[in-house]
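First comes the structure, then the notes that go with it.
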Amino acid sequence: MAGKSSTRSEGQFAVGSDVPGKRKGRRREYWTRYRIMRYVLVPWLFLIPILALHAFVVVFPAAQGVFYSFTDWRGIGEAEYIGLRNFEEMIFEDQSYHDALWRNIQWMLFFVTVPFAFALFGSSLLAKVRRGAMFYRTALFMPFILPSIVTATIWRYLYNPRFGLPTLVGYEKALLGQSDTALWSIAFADNWHFWGFLMVLFLTAMQGIPPVLYDAAKVDGANRWQEFWHVTLPGIRPVVLFMLMMVMIWAFLVFDYIFILTGGGPAGATEVLGIDIYKNAFQRFEAGYAAAQGISISIFAGLIVTAFAFLRKRGWEI
Amino acid sequence: MRARPEFFLLKKQRDSRVFNHVFLSILVVFSLGPVVVLAMNSVKSNSELGLNPLGFPQEIRLENFGNAWERGEFERTSKNSVIYVVGTVAAELVLGGLAAYSLARKNPPGANIVMIYLLVASTVPIWLYLVPLFFLWRQLGLLNTYHGLILIYTALNAPFSIFLLRSYLIGLPVELEDAARVDGANELQVLLRIIVPLSWPGFLTVGLVVGLAIWSEFQVALIFVHKPEMFPITTSYFKFTDRFGRDWAMTSAGAFMMIAPVLVLFLALQRRFVEGLTEGGIKF
């Protein structure tokens, strides 16, 4: 790490290599109270406030969550140990959990395809453009900075069955009000907000591809598609794969857009894990069960990370 | 002598440029169109909005903004949001800045473990700790308080802020700090007189990104704040659309008021936003 350079210069008279027999003594001498203060205590004093806060907000409740997942805790009062009962219920009995999990997987399938297609298309167009490149980048990135509540409001309006976008093509059903279209409609609104972010990431990666590769492709007579497939995509592969992994994890966390637009309805058709946990914890007060569900999400995230780590070991460049 | 570069292009290459611009323009319409519709609706009357839902307004009526401001209680909720944003950004810059400085320059024993901890922490799914955290916060009386929410926001944004500030600090030359030390400056003076003045762009980027995240934050605020007088602008707007959802013109005006300051800041400092959000931030 580059940070070492500063301490090195001061530590140059550190461990003496001059007289072997006196080494130990010299070392003890080196760790004077002043040096411990300066190189250990003070730096850690700088680190501790935020680390302690983070541990208190994240690690401590996470550990509590693991504990409560083995209990029938209801948020207040005593928690009774019930072993693996919550997990058994989740895996074998709870149909709403299974349905929710399936919706998260559908959500994931949408988000590893549609935004990636948009972003790859947009960034490969934009990488070739000079004039107006900044304008395009700013405009396409802009939806990403909007709050979820505003994006949701805009799209609720655009999906309106009386005068929204569908009416332009003569479709007069409520996209958000029907079980078979609601989830995809919400996903598309979220995609509108999200894909510009992916595009900028890809664009930055594309700028790192050596131009000679494009020249060589041109000499070989590659067309637009071949150039994309054989030069651009391999060039940005690490970023694409990393973002695939992150998007797959995020697909299990989705909450805002669905809560705002449908709240899980119509008739539970958009109830994903996040909504299910929210209802279990804060409406049905089954906090122990909700904690177990939260752990299941972490396990899915862990599996995804492990799978990508495994593929990397097998020689995929990630 | 210098002709425009297009002059030398083959016809085929010119065609490909036209192709790129045409499709990029379509994408721009897709990205900006919905926001433009929101802006136009915010100045229509409701009767006009029914007849002309997606087109340009016939006349500009600004009373929607006043109505939304009153009935959506934007005065109080935007004040609340500013408190959440300023509190979080201040805590983040001070505490995160201290930690980043320590990691970048002091490299104390255990620094690697801290980095790994932060990396893992930033990918832990929020649902793992959110439910117990709620009941912990309730027990401690931190629900419905400014500091309760600010503490959570500061912690959740800490890994991002520390990473970004650390990488910025590593890029600064060490010689200036050493010179200051030779002149007898103590650690705090080095930090305040040398590091902060030199690295303000890094701090600004972190401040902007974290500020934007808090201004837009919905999920945590929904769970930890139930009293209307403590609502930030996002959850209060959610309740507002719940009540006045039929009044599209007024709710559009409300949404536009919420994003107007964000859009202005974004357009003014867009390079910083984009850099901060894409480089440091595998977030959102």
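Sequence lines set the chain letters: A, B, ... in the order given, protein chains first and strands last, and positions in each chain run from 1. As the structure is a prediction and not an experimental result, all values here were calculated from the model.
With a threshold of 4.5 angstrom between heavy atoms, B:Ile233 does not approach chain A through any atom at all. In this structure, the portions of B:Leu27 lying under 4.5 Å from any heavy atom of chain A include both its backbone and its side chain. For A:Val59, the part lying under 4.5 angstrom from a heavy atom of chain B is the side chain only. Proximity to chain B (any heavy atom under 4.5 Å) is restricted, for A:Asn160, to the side chain, taken from C-beta onward. Proximity to chain A (any heavy atom under 4.5 Å) is shown, for B:Arg271, by both the backbone and the side chain. Contacts between B:Asn41 and chain A at a heavy-atom distance below 4.5 Å involve the side chain alone, from C-beta outward. At a 4.5 Å heavy-atom cutoff, A:Leu41 makes no contact with chain B through either its backbone or its side chain. For chain B, no part of A:Phe300 is nearby; none of its heavy atoms comes within less than 4.5 Å. Using a 4.5 Å cut-off between heavy atoms, B:Ile152 touches chain A through backbone and side chain atoms alike. Interface residue A:Leu158: only side-chain heavy atoms are found under 4.5 Å from chain B.
With respect to chain B, the highest number of heavy-atom pairs below 4.5 Å among A:Leu51, A:Thr204, A:Ile249, A:Thr151 belongs to A:Leu51.
Of residues 248-257 of chain B, those residues with a non-hydrogen atom less than 4.5 Å from any non-hydrogen atom of chain A are, in numerical order, B:Trp248, B:Ala255.
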Run the side-chain donor-acceptor check on residues 125-134 of chain B: report pairs under 3.5 Å with partners two or more places apart or on a different chain.
none

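Taking the ring centroids of A:Phe118 and A:Phe121, they lie at or beyond the 6.0 Å cut-off. Taking the centre of each ring, A:Tyr157 and A:Phe163 come in below the 6.0 Å mark.
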Side chain to side chain contact (heavy atoms under 4.5 Å, CB included) between B:Lys106 and A:Val42, worked out: CA-CA 9 Å; B:Lys106 300 291 159 192; A:Val42 172; over 6 Å; no
Derivation and outcome, side chain to side chain donor-acceptor pair (under 3.5 Å), residues B:Glu217 and B:Tyr153: CA-CA 9 Å; B:Glu217 209 285 329; B:Tyr153 285 152; 2.8 Å; yes
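Legend: residues meeting side chain to side chain contact (heavy atoms under 4.5 Å, CB included) with A:Leu45, ordered by chain and number and at least two apart, are absent. Residues forming a side chain to side chain contact (heavy atoms under 4.5 Å, CB included) with B:Ser31 (at least two apart in sequence, or on another chain): A:Leu140, A:Pro143, A:Trp195.
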